[in-house]
Protein chains: 2
Amino acid sequence: MVTTPAQTTETTHGATADGGRDRAKRADAVRNVEAILAAATRVLATDPDASINEIAKAAGVGRVTLYGHFDSRATLVREVVDRAIAQTDEALATVDLDGDPREALGRLLEATWHLTHRFGALVVAGSQVLPPEEMSRAHEGPAQRVRGLLERGRAAGELRDDMPVDWQVSVLQAILHGASAAVHRGEITADEAPALVRATTLGALSA
Amino acid sequence: MVTTPAQTTETTHGATADGGRDRAKRADAVRNVEAILAAATRVLATDPDASINEIAKAAGVGRVTLYGHFDSRATLVREVVDRAIAQTDEALATVDLDGDPREALGRLLEATWHLTHRFGALVVAGSQVLPPEEMSRAHEGPAQRVRGLLERGRAAGELRDDMPVDWQVSVLQAILHGASAAVHRGEITADEAPALVRATTLGALSA
DNA sequence: GATAAACTGTACACACTTGTTCGAGTTAGA
DNA sequence: TCTAACTCGAACAAGTGTGTACAGTTTATC
């Protein structure tokens, strides 16, 4: 699902606020917004300090065009982080978390791995421009899903319950990010990563 | 062991290169160099983008004084990272890695945990200004120690050997950094961290 | 006590980034 | 076809950070 930014302020070269226009946004404008968001996601995932100029170039648009769609770098980063979290939540929503907790955890990890690898350092970029509560709130949906499954596994005696569940969520995230970093360093391949993440995480969390 | 920077270029206010002076560095200069290195370590461990100004203030010296001892921000960061790695290697050298591999791993993790928590994002700061090979080389000593122990545990059948040993080294590092981040977020305390790290890592790596 | 080493605040130059303005050209959609 | 939406390069302003120069002050060591 593609979300486009709500432009609530007038842009500098006369483009009106959404509320004031007689018709929907032009097709090339819609395409450019999507190109900017995709480029920002890609670039910020590996370099959270990337400039507006670098993002605009990666998107194939001018800086003024980017500013025509996003009020500031912070606005763009917020939009990109929100989209990533929404896509994560949406992808996790399709994962079957019923049945055996350990098998469900394996399925969850498979889905989550791809998202973590794709979004990488985006969280760092977000942390630099967004307040901590906003970042925390953004993460709550996906984290709650994971926590719910871990609670079920602990209650069933399949996952260890001698450590805080929030710590277990952190471990899961740490292993996922570590796998992404290892792929970037060339130590493992992206194909090998899911199985390694699954085996390692299940080993760490199993009763 | 304190290492001081080798000043191979003349500084702006006439201080000569080490080779050219008739006597050792003054005591207050030695003290300032140590203050700068300690401040840089502390500041960069939590904010890898910290400016020269922030580091100088934290060290209680002027910016020009800092530039008197270090040619550039990159030079300072390199020195700080090298010191951290040397201190890590030195601390690990005192850990008894003989006997039962799992127990030895527990002792290694206890020592490593403190270092990881202390140095935190220093690695990020280093990665931003140093070439990848240099960062890799810097890590080789400590990583080799860990790898050696893991190989021994694998050969003894105590640690799982169905995954690459370099991946296991990455997992160990990921869990350590994850624990440090969890302490910073207030999810666990620094006192709880060692036991959690030990239990989780042994779970993840045990046969 | 003398003197060189060391420190410091101020100022400057340069580079980069963010955000804005302008005027001209292009494009999409009615 | 017409026109408003949209794009864009150039230029500008402001801010930040890095690194250098200067001149005066302070400190340590012989």
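Convention: sequence-line order gives letters A, B, ...; per-chain numbering from 1. Keep in mind it's a predicted model, so treat the numbers as computed, not measured.
Atom P of nucleotide C/dT20 and atom CG of A/Asp71 are separated by 8 Å, given to the nearest angstrom. Remark: C1' of D/dG17 and CG of B/Leu76 are 15 Å apart, rounded to the nearest angstrom. Atom P of nucleotide D/dC6 and atom CG of A/Asn32 are separated by 10 Å, given to the nearest angstrom. What separates NZ of A/Lys25 from C1' of C/dT27 is a distance of 16 Å, to the nearest Å. Taking atom CG on A/Leu66 and atom C1' on D/dC6, their separation rounds to 14 Å, with Å as the unit. Across the protein-nucleic acid pair, B/Gln128 atom CD and D/dG17 atom C1' stand 14 Å apart, rounded to whole Å.
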Identify all side-chain donor-acceptor contacts of residues 120-137 of chain B below 3.5 Å with residues at least two apart in sequence or on another chain.
residue	atom	partner	partner atom	Å
B/Ser127	OG	B/Val123	O	2.9
B/Gln128	NE2	B/Asp49	OD1	3.4
B/Glu134	OE2	B/Arg78	NE	2.7

Listing, residues 54-62 of chain B side-chain donor-acceptor contacts under 3.5 Å, not counting sequence neighbours, or none:
residue	atom	partner	partner atom	Å
B/Glu54	OE1	B/Ser51	N	2.9
B/Glu54	OE1	B/Ser51	OG	3.2

Show me the side-chain donor-acceptor pairs of residues 178-194 of chain A shorter than 3.5 Å, one per line, residues at least two apart or across chains.
residue	atom	partner	partner atom	Å
A/Ser180	OG	A/His117	ND1	2.8
A/Arg185	NE	A/Glu187	OE2	2.8
A/Arg185	NH2	A/Glu187	OE1	3.3
A/Arg185	NH2	B/Ser170	OG	3.2
A/Glu187	OE1	B/Ser170	OG	3.0
A/Thr189	OG1	A/Asp191	N	3.4
A/Thr189	OG1	A/Glu192	N	3.1
A/Thr189	OG1	A/Glu192	OE1	3.4
A/Glu192	OE1	A/Thr189	N	2.8

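Nearest to the side-chain atoms of B/Ala29 among the listed nucleotides C/dC7, D/dC8, D/dC22 stands C/dC7. Proximity note for B/Arg26 (side chain, C-beta onward) versus C/dA4, C/dG29, C/dT8: the nearest is C/dA4.
Taking the side chain as every heavy atom from C-beta outward, B/Phe70 and B/Val33 approach each other to under 4.5 Å.
Contact detail for B/Gln168 and B/Met163: the closest heavy-atom pair is NE2-CG, 3.7 Å.
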Polar atoms only, N or O, under 3.5 Å: list the protein pairs with nucleotides 14-18 of chain C and their distances.
residue	atom	partner	partner atom	Å
C/dT18	OP1	A/Ile52	N	3.4
C/dT18	OP1	A/Arg73	NE	3.2
C/dT18	OP2	A/Ile52	N	2.8

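In terms of position along DNA chain D, the nucleotide closest to A/Gly60 lies nearer the 5' end than the nucleotide closest to the other residue of the pair A/Gly60 and B/Asp28.
Shown here are the side chain to side chain contact (heavy atoms under 4.5 Å, CB included) partners of B/Thr116, two or more places apart in sequence or in another chain: B/Thr112, B/Leu176, B/His177. Applying the side chain to side chain donor-acceptor pair (under 3.5 Å) rule to A/Asp28 yields the partners A/Arg26; only residues at least two apart in sequence or on another chain are considered.
Residue A/His69 places at least one side-chain N or O closer than 4.0 Å to OP1 or OP2 of D/dT7. At D/dC8, one or more side-chain N or O atoms of A/Thr65 fall inside 4.0 Å of OP1 or OP2 (strictly under the cut-off).
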